[in-house]
Amino acid sequence: MSNAEDITPSPYRRTHTCGELRPTHVGANVVLTGWVNTYRDHGTGLIFIDLRDRYGLTQVVFEKGESPEELLTRSDKLRGEDVIAVEGKVRIRKGGPNPKLETGEIEVVVTRLELLNKTDTPPFVPDETTDLPNEELRLKYRYIDLRRPTMQRILSKRHRVMQVTRRYFDEHGFLEVETPILYKSTPEGAREFLVPSRHQPSDWYALPQSPQLFKQILMVSGCDRYMQICRCFRDEDPRADRQAEFSQIDLEMSFVQRDDVMNLIEGFIRRLWKEVAGFDPPPFPRMKYRDAMERFGIDRPDTRFDLFIQDISDIAAKTDFKVFKDALAKGADAPRYASRRGVVKAIRVPAGGGAEKLTRKLTDGYSEWIKGFGAGGVAVVKLNAQGTFETGIAKFVEVPGIKEEFISTLALKPGDTVLFVADTYAIATKSIGELRLKIARDVGLVPPSGPEGGPWNFLWVIDFPMFERNKETGKWVASHHPFTAPLPEQQKKFVEASLDDDDTIESMVSAGYDVVLNGSEIGGGSIRIHDQAVQSKVFALLGLTPEQAKEKFSFLLEALRYGAPPHGGLAFGLDRLVMHLVGTDNIRDVIAFPKTQTGADLMTRAPSHVTDQQLKDLHVKSTWVPTPKT
RNA sequence: GGGGCGGUAGCUCAAUUGGUUAGAGUACCGGACUGUCGAUCCGGUGGUUGGGGGUUCGAGUCCCCUCCGCCUCGCCA
């Protein structure tokens with residue numbers, strides 16, 4: 001490492017950044033470096049250049065009489081994105097201040113210019129005033145796109161999030177421990193990326209979906225408190241808020257119960273938002289999974305708007321509406337909340353709260369739209385100003401006896417619109433939950449997000465079911481992951497339960513918890529199983545034989561036998577946290593070098609071909625056959 | 001794997017039922033201009049309409065195949 005003091009100072013070593021100079025610097029001789037943002041050429045006598053770096057913009061001026069004659073000629077050739085260094089004197093702007101710039105009161109009269117690097121004409125300019133080029137081009141020339149102040153701010157905010165995170169957990173006694181990227185395939189959950197082993201022909205590493213098992217092992221190791229900002233990999237199709245390669249803030253703690261983790265995490269999020277967003281969130285409400293599903297139709301409720309869902313099966317049964325009757329006939333023998341049991345769910349859109357914007361065209365469209373979620377359609381009714389039901393299924397509810405019950409149950413007022421979905425519990429709940437969100441978007445109930453936008457509604461969702469039935473196979477699957485513990489008071493019941501005791505198994509509630517922000521899951525975790533008997537029971541329920549469980553997770557099962565402390569933890573999606581903090585719904589905006597939907601990096605052009613020799617070394621042969629050109 | 005949207009000058013976009021030489025703004029090149037700040041004014045260069053095939057007298061436009069990007073369902077313990 002060379003010592004900076006030992007380097008001969010360049011005549012153009014900068015003295016200030018482009019965001020720094022103020023009237024207090026007037027008279028100083030300064031050197032600035034950066035990119036030519038814009039140039040305004042008034043002829044040989046006067047040229048303005050806005051010089052840009054990460055810190056801001058400063059106007060530098062070449063002026064006849066003040067700048068050397070040869071500079072006037074040379075500066076005439078400067079173009080956007082050239083990299084230059086200028087030396088000159090700071091002075092108050094002759095043409096008056098530019099209030100749009102932090103440095104807008106001053107300018108630098110250039111006495112020396114060095115063209116550090118002439119640019120090719122850039123494919124686009126990193127300018128916030130012109131229309132952005134399409135994302136494909138932005139990704140190909142990511143280094144130009146990242147020069148935009150907006151992108152620089154995002155990079156810097158992401159950096160802040162990581163710094164606050166490390167500081168907070170350090171203050172609370174956490175050790176940051178790195179865990180392997182070349183890991184073992186554990187083929188539950190997401191599809192994995194595989195890496196062939198050179199030393200062990202035909203064997204493969206997998207890239208971790210998360211460091212889950214390692215962090216539990218670290219607890220067995222006596223680490224007590226672990227955290228890591230780590231990269232995770234899931235070879236599934238991306239979405240606007242999802243990349244195959246993403247980052248987690250991962251943590252785990254020993255000798256804790258659910259509340260200990262939740263309190264510490266809540267402190268973290270509140271600190272993070274205070275320091276990065278300047279917002280101090282109130283204590284997070286806690287909502288049970290069942291309540292979330294009943295009132296919001298989703299396990300990550302967006303509570304920024306008050307559209308509530310209600311189960312109105314009892315009244316619906318009294319109507320003569322065939323759609324309701326047919327739905328309610330499904331699984332009538334099944335217990336309440338059973339996924340196959342028929343229900344009728346309603347959502348009330350209040351007058352003055354969006355009902356007037358729910359046009360016939362919109363509500364007609366919902367029936368078609370909701371079929372995408374498996375529901376048959378959406379029934380609609382309005383209570384008009386005279387207190388009479390009209391449109392849609394009015395004739396089925398404008399019935400003495402039924403009408404009053406409808407109005408009182410749903411607390412209807414004149415002008416309200418009610419939408420209904422009738423189907424099995426599973427389908428009706430999910431689809432009316434989606435409908436709630438769609439209505440909110442359609443009638444403008446969703447506040448703008450981000451730093452300048454609407455509220456930050458944090459909440460905890462707790463008491464998740466431990467197991468769900470897989471729709472196709474009918475087998476039990478872990479709702480969270482197979483290492484999630486049941487609530488302590490249920491543990492005994494669970495261990496003693498018979499594998500075919502469906503009622504007991506379905507009633508098991510896990511010690512898991514999710515952090516939800518404005519309808520988006522930003523983190524989740526649980527207290528883990530530290531007892532081998534419980535862990536074996538879970539594996540048995542999931543249909544894993546002891547041999548299979550041993551093959552896949554022997555190291556964990558073994559570790560649990562050697563003095564595993566009770567432990568629990570949580571992981572945040574770092575990218576999603578940053579998305580909220582910067583107010584974007586595009587995850588690629590918060591990743592410096594993101595990938596496309598087909599997993600391509602348009603800048604480096606990864607993935608790419610490798611040589612036959614490389615494959616041979618790895619004992620790998622491709623079976624892919626190109627489709628013949630026609 | 002399914003559904004939807006998009007790809008026209010370096011960039012952002014336009015182009016009537018299929019019809020003249022595919023236009024505009026911006027960038028770029030040249031010129032004018034001493035107070036601009038998205039400078040202005042004058043002139044100019046710039047096109048495999050993503051690629052391939054087809055229908056037609058004639059295709060940016062219609063049909064088929066294909067590539068790429070985005071959104072979405074499935075998927076994401």
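Because only heavy atoms are used, hydrogens play no part in the values below, and waters and symmetry mates are left out as well, while side chains stay in. The sequence lines fix the lettering, A, B, ..., with proteins before strands; numbering per chain opens at 1.
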OP1 or OP2 of B:rC71 versus the side-chain N and O atoms of A:Gln597: is any pair under 4.0 Å? yes
B:rC37 base / A:Arg93 side chain donor-acceptor hit below 3.5 Å: yes
Comparing A:Glu236 with A:Pro97, nearest RNA chain B nucleotide closer to 5' gives the residue A:Pro97
Taking the C1' atom of each, how far is B:rG4 from B:rG19, in whole Å? 32 Å
Does a nitrogen or oxygen in the side chain of A:Arg588 sit under 4.0 Å from OP1 or OP2 of B:rC71? yes
When you check the phosphate oxygens OP1 and OP2 of B:rA27, does a side-chain N or O of A:Thr121 lie under 4.0 Å from one of them? no
Do any side-chain nitrogens or oxygens of A:Thr38 fall under 4.0 Å of OP1 or OP2 in B:rA39? yes
Return no unless some side-chain N or O of A:Arg79 is found under 4.0 Å from OP1 or OP2 of B:rC29. yes
Ranking B:rC71, B:rU34, B:rC76 by distance to the side chain of A:Ala240, first place goes to B:rC71
Does A:Lys430 reach a base, just sugar-phosphate, or nothing at all? Heavy atoms under 4.0 Å. sugar-phosphate
Roughly, in whole Å, what's the span from CG in A:Leu437 to P in B:rC73? 12 Å
In whole angstrom, give me the gap between the P atoms of B:rG54 and B:rG60. 15 Å
Quick test of your reading of the model: are A:Asp589 and A:Arg138 salt-bridged, counting only N-O distances below 4.0 Å? yes
Check whether any side-chain nitrogen or oxygen of A:Thr598 sits under 4.0 Å from OP1 or OP2 of B:rG69, and answer yes or no. yes
Distance check, C1' atoms only: B:rU26 and B:rC68, in whole angstrom units. 25 Å
Between B:rA24 and B:rA14 - P atom distance, rounded Å: 16 Å
What's A:Gly96 touching, base or sugar-phosphate or nothing? Going by heavy atoms closer than 4.0 Å. base
Sub-6.0 Å ring centroid separation between A:His16 and A:His25: yes
Hey, which of A:Lys77, A:Arg74, A:Lys118, A:Arg52 is the one that makes salt bridge (charged side-chain N to carboxylate O under 4.0 Å, His left out) with A:Asp82? A:Lys118
Angle between ring planes, A:Tyr513 versus A:Trp460, binned at 30° and 60°: parallel, tilted or perpendicular? perpendicular
Separation between the C1' atoms of B:rU40 and B:rU17, rounded to whole Å: 43 Å
Minimum-distance nucleotide (side-chain atoms of A:Phe48 versus B:rG10, B:rG69, B:rU36): B:rU36
Could you label the plane-to-plane angle of the A:Tyr143 and A:Tyr141 rings as parallel, tilted or perpendicular, counting under 30° as parallel and over 60° as perpendicular? perpendicular
According to the interplanar angle, ranging from 0 to 90°, do the rings of A:Tyr289 and A:Phe464 count as parallel (below 30°), tilted (30 to 60°) or perpendicular (above 60°)? tilted
May I ask you to say what A:Glu81 touches in the nucleic acid, namely base, sugar-phosphate or nothing, with a heavy-atom cut-off under 4.0 Å? nothing
Only pairs with both distances under 3.5 Å count, Watson-Crick or wobble alike; so what is the partner of B:rU8 in this structure? none
If you look at every strand shown and take non-hydrogen atoms under 4.0 Å, does A:Leu137 touch a base, only sugar-phosphate, or nothing? sugar-phosphate
Expressed as a whole number of Å, how far does the C1' atom of B:rG18 sit from that of B:rU56? 9 Å
Whether A:Arg40 contacts B:rA39 is assessed here as follows: a side-chain N or O lying under 4.0 Å from the phosphate OP1 or OP2. Is that the case? yes
Verify the contact: side-chain N or O of A:Asn134 to OP1 or OP2 of B:rU12, cut-off strictly under 4.0 Å; return yes or no. yes
Rounded interatomic separation in angstrom, taking CG from A:Asp76 and C1' from B:rG30: 11 Å
Below the 4.0 Å mark, does B:rA27 have OP1 or OP2 next to a side-chain nitrogen or oxygen of A:Tyr39? no
Distance flag, aromatic centroids of A:Phe233 and A:Phe246, threshold under 6.0 Å: no
Reckon A:Ile47 touches a base, only the sugar-phosphate, or nothing at all at heavy-atom distances under 4.0 Å? nothing
With rounding to the closest Å, how many angstrom separate the P atoms on B:rC64 and B:rG69? 23 Å
Flag as yes if A:Phe124 stacks onto the base of B:rC11 (centroids under 5.5 Å, planes under 30°), otherwise no. no
Just the rounded figure in Å: distance from P of B:rG1 to CG of A:Asp235. 13 Å
Once hydrogens and angles are ignored, does a donor-acceptor distance under 3.5 Å link the base of B:rG35 to the side chain of A:Arg91? yes
Could you check which nucleotide pairs with B:rU16 in any of the strands shown, counting Watson-Crick or G-U wobble with both distances under 3.5 Å? none
Per A:Arg242 side chain, nearest of listed nucleotides B:rG74, B:rC71, B:rG69: B:rG74
Need the pair for B:rU40. Rule: Watson-Crick or G-U wobble, both distances under 3.5 Å, any strand; none if unpaired. B:rA32
Sticking with atom C1', work out how far B:rG53 lies from B:rC67, rounded to a whole angstrom. 15 Å
Backbone N or O of A:Ile106 within a donor-acceptor pair of the A:Arg93 side chain at under 3.5 Å? yes
Closest nucleotide among B:rG74, B:rC33, B:rU72 to the A:His42 side chain: B:rC33
Please tell me which of A:His481 and A:Gly599 maps to the more 5' nucleotide of RNA chain B, matching each residue to the nucleotide holding its nearest heavy atom. A:Gly599
Atom CD of A:Gln59 and atom P of B:rU36 are separated, to the nearest Å, by 10 Å
A:Lys77 side-chain N/O to B:rC29 phosphate OP1/OP2 under 4.0 Å: no
